[in-house]
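Below you'll find the structure, written out as structure tokens, and then a few comments.
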Amino acid sequence: MPLDRSMFAGDLAHDEPQEYLWTMNFGPQHPATHTTLRLVLKLEGERVVDAMPDIGYLHSGFEKLGEHLDFNQYVVVTDRMNYCSPMANNVAWHGAVEKLLGIEVPPRCQYLRVIVAELARIADHLVCNAAVGLDTGAFTFFMYAFNPRELIYEIFEALCGARFTNSYTRVGGLMHDASPRAIELIREFLRRIPRALDDMERLLNKNRIFIDRTKGIGVLTREEAINRGVTGPIARASGVTRDLRKDEPYLAYRDFDFDICCATAGDCYARYLVRMAEMRESVKIIQQAVENLPSGPVNVDVGLRVALPNKGPVLHTIEGLITHFELVMSNRGFQTPNEEVYYATEAPNGELGFYLVGDGTARAYRARCRPPSFIHFAVFPHLIRGHRLSDVVAVLGSLNIIAAELDR
């Protein structure tokens with residue numbers, strides 16, 4: 001919209017109005033950016049002409065930390081990357097380490113890792129869709145979405161003692177086997193979550209305000225999604241039928257029957273629908289995994305000197321004490337090859353990959369991460385150009401940018 005520059009102090013009046021672009025900071029002190037994201041918007045009236053994402057408000061240095069902490073210590077850092085689904089980060093990190101070491105975890109451990117990864121996916125999608133609903137005015141939907149997340153936190157607490165930053169996986173296995181209480185809570189969650197998802201869909205799927213705020217907004221075509229490296233629900237909402245759980249199966253995903261949820265519209269509404277559908281598929285995977293959970297150990301053979309021994313053998317046997325000493329105190333337990341690997345998982349937001357270079361020690365010589373949010377945040381300017389200022393929160397929420405994945 002042409003503006004008269006004479007309204008600004010210090011400017012001289014002109015005979016003819018000139019086009020003027022406003023520069024506006026959206027965040028980091030804005031509720032929709034959670035004090036960790038900043039967008040520099042160029043506005044022509046209410047219309048967004050351009051946008052520049054600005055990162056660096058939650059710097060953790062997590063890649064360099066991966067080169068200074070050993071392979072078990074670093075799991076606590078992965079918790080703080082995508083803090084909406086830390087269990088999925090744990091699984092991805094130690095999967096990469098185990099690929100470097102050339103070991104395979106026992107079947108029971110694989111099933112339990114699948115269960116916690118899918119629970120993390122549900123928790124992540126719940127908070128993403130809840131935030132989109134809240135940012136577009138659906139506060140009741142936000143509360144409906146957060147109730148099931150409390151049940152997931154109770155499951156994680158029963159599994160590892162922590163609700164949020166879990167650090168559940170270990171090299172070669174898990175911190176603890178699943179207790180009967182944890183299995184009981186998982187089954188209770190599976191009974192209750194379908195009704196919660198039904199209620200959420202009844203609240204929002206045909207809500208006229210929500211549809212007007214999201215349908216046709218932030219459209220990403222299939223070709224653009226592929227060319228820009230988009231993965232996960234955002235890519236599948238644009239018709240890209242790629243899912244690492246199917247295309248490059250890891251852990252025990254080959255054993256489960258589930259569908260890949262896709263759409264073709266590629267807008268904010270399609271991304272919301274894909275995440276809602278994916279939660280139902282995750283419920284199917286967890287149901288199959290719990291009912292067919294193998295017996296046996298959750299850690300690899302102690303003789304490999306890779307997995308940390310249980311406290312019982314450490315306290316009561318000399319072999320357990322020596323193994324614990326070598327793995328924790330002397331760092332002589334790991335013999336990593338001088339090789340490089342890349343291992344990727346289908347995290348809730350897309351492809352989460354770790355690149356590791358081993359040098360024979362218990363620490364990575366190089367540790368690099370491919371977080372989905374870093375890729376997706378770069379797509380935001382393309383999606384928002386031409387839209388109105390009020391559409392910024394809808395597009396940003398549909399991408400589910402987690403700032404802790406951005407800053408290296």
Side-chain angles (χ1 to χ4, degrees), residues 1 22 24-35 37 39 41 43-49 51 84 122-150 193-221 225 232-234 236-239 261-280 348-349 376-377 379-402:
M1 179 183 300
W22 293 84
M24 189 183 79
N25 286 294
F26 191 91
Q29 281 75 35
H30 187 283
T33 63
H34 310 287
T35 72
L37 301 175
L39 294 167
L41 303 177
L43 302 177
E44 184 182 2
E46 285 287 320
R47 189 76 59 184
V48 179
V49 176
C84 293
I122 295 173
D124 196 284
H125 287 354
L126 284 171
V127 72
C128 173
N129 283 349
V132 174
L134 182 65
D135 291 342
T136 53
F139 180 76
T140 304
F141 179 84
F142 179 84
M143 303 304 296
Y144 272 61
F146 261 65
N147 282 332
R149 293 185 80 244
E150 181 66 22
I193 186 64
R195 181 178 177 182
L197 296 177
D198 291 342
D199 291 340
M200 291 167 61
E201 289 176 345
R202 279 195 293 268
L203 275 171
L204 221 54
N205 279 20
K206 296 182 180 180
N207 184 292
R208 176 49 54 191
I209 296 175
F210 180 73
I211 292 175
D212 288 345
R213 293 288 304 273
T214 56
K215 208 162 190 176
I217 304 298
V219 175
L220 182 69
T221 66
I234 301 174
R236 290 190 284 274
S238 298
C261 305
C262 294
T264 56
D267 55 10
C268 295
Y269 188 65
R271 292 190 275 273
Y272 156 78
L273 292 178
V274 165
R275 287 189 173 96
M276 292 300 299
E278 282 193 0
M279 285 190 278
R280 295 189 183 276
N349 280 338
H376 297 161
F377 200 30
V379 182
F380 177 82
H382 170 72
L383 298 180
I384 198 60
R385 290 189 186 104
H387 289 296
R388 295 189 178 276
L389 180 60
S390 59
D391 298 326
V392 170
V393 293
V395 175
L396 187 62
S398 72
L399 297 180
N400 195 28
I401 305 301
I402 307 300

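Numbers here are sequence positions counted from 1.
The heavy-atom pair separating A225 from L220 by the smallest distance is CB-CD2, 3.8 Å. The heavy-atom pair separating R275 from P233 by the smallest distance is CG-CB, 4.0 Å. Closest of all the heavy-atom pairs between H387 and L383 is CD2-O, 3.0 Å. Closest non-hydrogen pair, V49 versus L43, comes out as CG2-C, 4.4 Å.
At least one donor-acceptor pair under 3.5 Å links the side chain of R47 to the backbone N or O of G386. N25 places no side-chain N or O within donor-acceptor distance of the main-chain N or O of G27, the cut-off being under 3.5 Å.
Ring centroid separation for the pair F141 and F210 does not come in under the 6.0 Å cut-off.
When the side chain to side chain donor-acceptor pair (under 3.5 Å) test is applied to R385, the partners found at least two apart in sequence or on another chain are D50. With sequence neighbours excluded, the residues satisfying side chain to side chain donor-acceptor pair (under 3.5 Å) with R280 are D198, E201.
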Distance-only check: which donor-acceptor pairs under 3.5 Å involve side-chain atoms of residues 125-140, not counting sequence neighbours?
from	atom 1	to	atom 2	distance (Å)
H125	NE2	E278	OE1	2.8
T136	OG1	V132	O	2.8
T136	OG1	G133	O	3.2

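Taking a cutoff of 4.0 Å between a charged side-chain nitrogen and a carboxylate oxygen, D267 and R271 do not qualify as a salt bridge. Using a cut-off of 4.0 Å between Lys/Arg side-chain N and Asp/Glu carboxylate O, D391 and R388 are scored as not salt-bridged.
A cation-pi arrangement is found for R149 relative to F146, the charged atom lying closer than 6.0 Å to the ring centre and inside a 45° cone about the ring normal.
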